[in-house]
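Working notes, structure below.
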2 protein chains.
Amino acid sequence: MSTTELTNWQSVHDEVLRRIHTREWKPGQQIPKEVELASELGCARATVNRALRELATAGFLDRRRKAGTRVTLHPVRKAKLDIPVIRLEIEGRGQRYGYSLISAERAAPPHDICGRLGVLPDADMLHVTSLHLADGKPYMFENRWVAIAAAPSIADADLSIISANEWLVLHAPYTHGEMAFSAIAASNSEAEMLGAAPHAPLFLIERTTWENDHGITYARLVFAPGHRVQSVI
Amino acid sequence: MSTTELTNWQSVHDEVLRRIHTREWKPGQQIPKEVELASELGCARATVNRALRELATAGFLDRRRKAGTRVTLHPVRKAKLDIPVIRLEIEGRGQRYGYSLISAERAAPPHDICGRLGVLPDADMLHVTSLHLADGKPYMFENRWVAIAAAPSIADADLSIISANEWLVLHAPYTHGEMAFSAIAASNSEAEMLGAAPHAPLFLIERTTWENDHGITYARLVFAPGHRVQSVI
DNA sequence: AGGGTTATTATGTGCGTACATATTATACTT
DNA sequence: AAGTATAATATGTACGCACATAATAACCCT
């Protein structure tokens with residue numbers, strides 16, 4: 001055994017992943033316990049623990065106290081999807097960002113918004129619609145409802161300069177949220193706004209955010225034709 | 001200072017997150033160094049380190065050696081998206097899973113597939129099309145190319161029983177992959193297959209997977225109308 | 001000033017020990 | 001046989017220490 005010692009958690013991580021990929025350890029199979037691996041690889045148990053922990057959160061391993069560690073049977077792969085502010089998303093692609101406010105008015109929320117955000121039908125809300133541009137061309141149409149109670153100072157913000165999207169990120173951080181992707185047919189107004197044919201297939205993102213079970217905002221983001229959301233696995 | 005001591009990393013994590021949310025520590029601001037926080041909260045530096053590390057990977061903090069730790073200015077929120085095998089996705093929703101193979105034949109790959117997977121135009125590939133059903137109704141149409149060199153034994157698999165999707169997960173684990181979401185108009189054949197109107201907006205997922213820069217498979221998954229992909233932020 | 005070298009410093013990580021906790025296996029009771 | 005208390009065990013984590021590493025600050029020389 002002239003095995004070079006793996007004394008850092010990264011190399012242990014890689015070695016374990018290698019054994020999983022080469023099927024040396026098969027799906028469902030139990031792998032050696034931490035102390036055994038530690039002595040085999042020539043490092044401390046804490047180091048092995050760190051490596052296996054990362055692999056478990058990544059979905060490659062199932063770990064349970066006393067029961068030990070085994071290779072995940074059906075590895076539920078997790079796609080990681082970065083969600084920057086729209087402006088940074090566009091600028092990051094080397095394009096020029098543009099923004100134009102279409103409307104901003106206080107109004108009572110329609111019924112479905114109440115349900116989504118968990119607010120009362122007579123709540124004081126801000127309804128904002130705007131268009132985001134990339135290199136001068138329509139990129140995304142934003143239709144957003146904001147609970148003013150959750151972010152009072154947005155009433156004073158000049159939303160013709162900074163988008164509600166970006167204002168909220170800066171001033172009303174959320175604790176958690178939901179996001180849903182789907183495909184819709186362009187309505188007449190959306191088609192006109194985004195320069196698409198009527199009934200053209202458009203990519204839709206719906207985003208709802210809360211701060212401690214207190215609804216902040218619901219946004220309906222309709223993208224120009226051809227939009228792709230990409231992600232690494 | 002009768003502060004109760006936070007002696008586990010979870011509580012330190014929560015406390016730091018609280019200070020970020022309450023704006024006690026503002027975006028861009030530098031937070032106390034690990035040793036200071038440790039003595040303030042009454043725990044070891046390693047404990048603080050663990051908590052801050054998790055917050056950094058979650059995107060709330062920016063950490064750099066010597067420069068210290070500061071609250072992220074534009075928190076790039078990360079959407080986590082679980083990608084189970086289609087069968088489990090459907091069964092997990094309490095529906096009955098069905099599967100029917102449409103075609104499976106060896107063929108030379110079209111030009112665009114070569115580019116995506118990085119294989120030669122004369123490569124030996126398997127072209128599989130199939131339909132996945134939920135409660136007997138069309139759910140998703142799968143159009144897949146598999147590099148036989150990357151998974152030779154798939155030539156012997158009975159793809160009328162197990163879907164190529166599931167077979168590959170079990171027998172040809174990948175090291176990394178790409179996934180793209182978009183909206184398309186249903187082609188005539190897709191419309192018929194999925195029970196949709198021609199040109200109806202359909203949700204499309206394209207998935208490409210590699211094993212160590214060696215292309216394995218490219219899949220084009222077209223979903224029945226109304227499909228939504230949901231994710232938590 | 002300018003450019004390059006050297007100290008300083010905050011985070012990153014490894015190690016050994018100790019104890020906590022969840023879960024399983026075993027022994028025991030009825 | 002069934003249920004219940006008890007022991008055994010693998011992982012989870014806290015701690016203190018040491019050293020590695022990267023980035024900045026200070027210094028020095030010309």
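Letters go in sequence order (proteins before strands), and every chain restarts at 1. Bear in mind that the values here come from a model prediction, so they are computed numbers and not experimental data.
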Non-hydrogen side-chain atoms of A/Tyr218 and A/Asp112 separated by less than 4.5 Å: no
DNA chain D contacts made by residues 32-39 of chain A, counting heavy atoms under 4.0 Å: A/Lys33, A/Glu34
Any side-chain heavy-atom pair of B/Tyr99 and B/Ile86 under 4.5 Å: no
Separation of D/dA22 P from B/Arg65 CZ (nearest whole Å): 6 Å
Exercise: identify the closest heavy-atom pair between A/Trp25 and A/Pro32: CZ2-CD, 3.5 Å
Residue list, ring pair (Phe, Tyr, Trp, His ring centres under 6.0 Å) with A/His171, at least two apart or on another chain: A/Trp167
Rounded distance (nearest 0.5 Å) linking atom CZ of A/Arg144 with atom CG of A/Leu159: 10.0 Å
Listed pairs, N/O of protein and of nucleotides 4-7 of chain D, under 3.5 Å:
none

Heavy-atom check, side chain of B/Leu6 versus side chain of B/Asp14, under 4.5 Å: no
Terminal axis angle for the helix from C/dA1-D/dT30 to C/dT30-D/dA1, five pairs an end, nearest 10 degrees: 0°
Separation of D/dT11 P from A/Arg70 CZ (nearest whole Å): 11 Å
Length of the line joining B/Arg63:CZ and D/dT21:P, which is rounded to integer Å: 18 Å
Test ring pair (Phe, Tyr, Trp, His ring centres under 6.0 Å) applied to B/His214 - qualifying residues, sequence neighbours left out: none
Set of residues satisfying side-chain hydrogen bond (donor to acceptor under 3.5 Å, both in side chains) with respect to B/Ser11, sequence neighbours excluded: B/Asn8
Residue pairs fulfilling salt bridge (charged side-chain N to carboxylate O under 4.0 Å, His left out) with at least one residue in residues 145-156 of chain B, sequence neighbours excluded: none
Shortest non-hydrogen contact between A/Thr47 and A/Thr7, atoms and distance: CG2-O, 4.3 Å
Phosphate OP1/OP2 of D/dG12 contacted by A/Asn49 side-chain N/O (<4.0 Å): yes
Between D/dT13 (C1') and B/Leu6 (CG): distance, integer Å: 15 Å
Salt bridge (charged side-chain N to carboxylate O under 4.0 Å, His left out) partners of residues 26-37 of chain A, not counting sequence neighbours, each pair once: A/Lys33-A/Glu36, A/Glu34-A/Arg45, A/Glu34-A/Arg63
Shortest non-hydrogen contact from A/Ala150 toward A/Gly215: CB-O, 3.8 Å
Salt bridge (charged side-chain N to carboxylate O under 4.0 Å, His left out): pairs with one or both residues in residues 203-212 of chain B, sequence neighbours excluded: A/Arg228-B/Glu206, B/Arg116-B/Glu206
Plane angle bin for A/Phe60 and A/His21 - parallel if under 30°, tilted between 30 and 60°, otherwise perpendicular: perpendicular
Whole-Å distance separating the CZ atom of A/Arg64 from the P atom of D/dT9: 18 Å
Chain B footprint on DNA chain C, 5' to 3' - any atom under 4.0 Å from a heavy atom: C/dT8 to C/dT13
Closest-nucleotide ordering on DNA chain C, the 5'-leading residue of A/Ala67 and A/Asn8: A/Asn8
side-chain hydrogen bond (donor to acceptor under 3.5 Å, both in side chains) partners of B/Glu89, counting only residues at least two apart: B/Tyr139
Sorted by number, the residues of residues 50-58 of chain A with heavy-atom contact under 4.0 Å to DNA chain C: A/Arg50
Non-hydrogen side-chain atoms of B/Phe223 and A/Ser182 separated by less than 4.5 Å: no
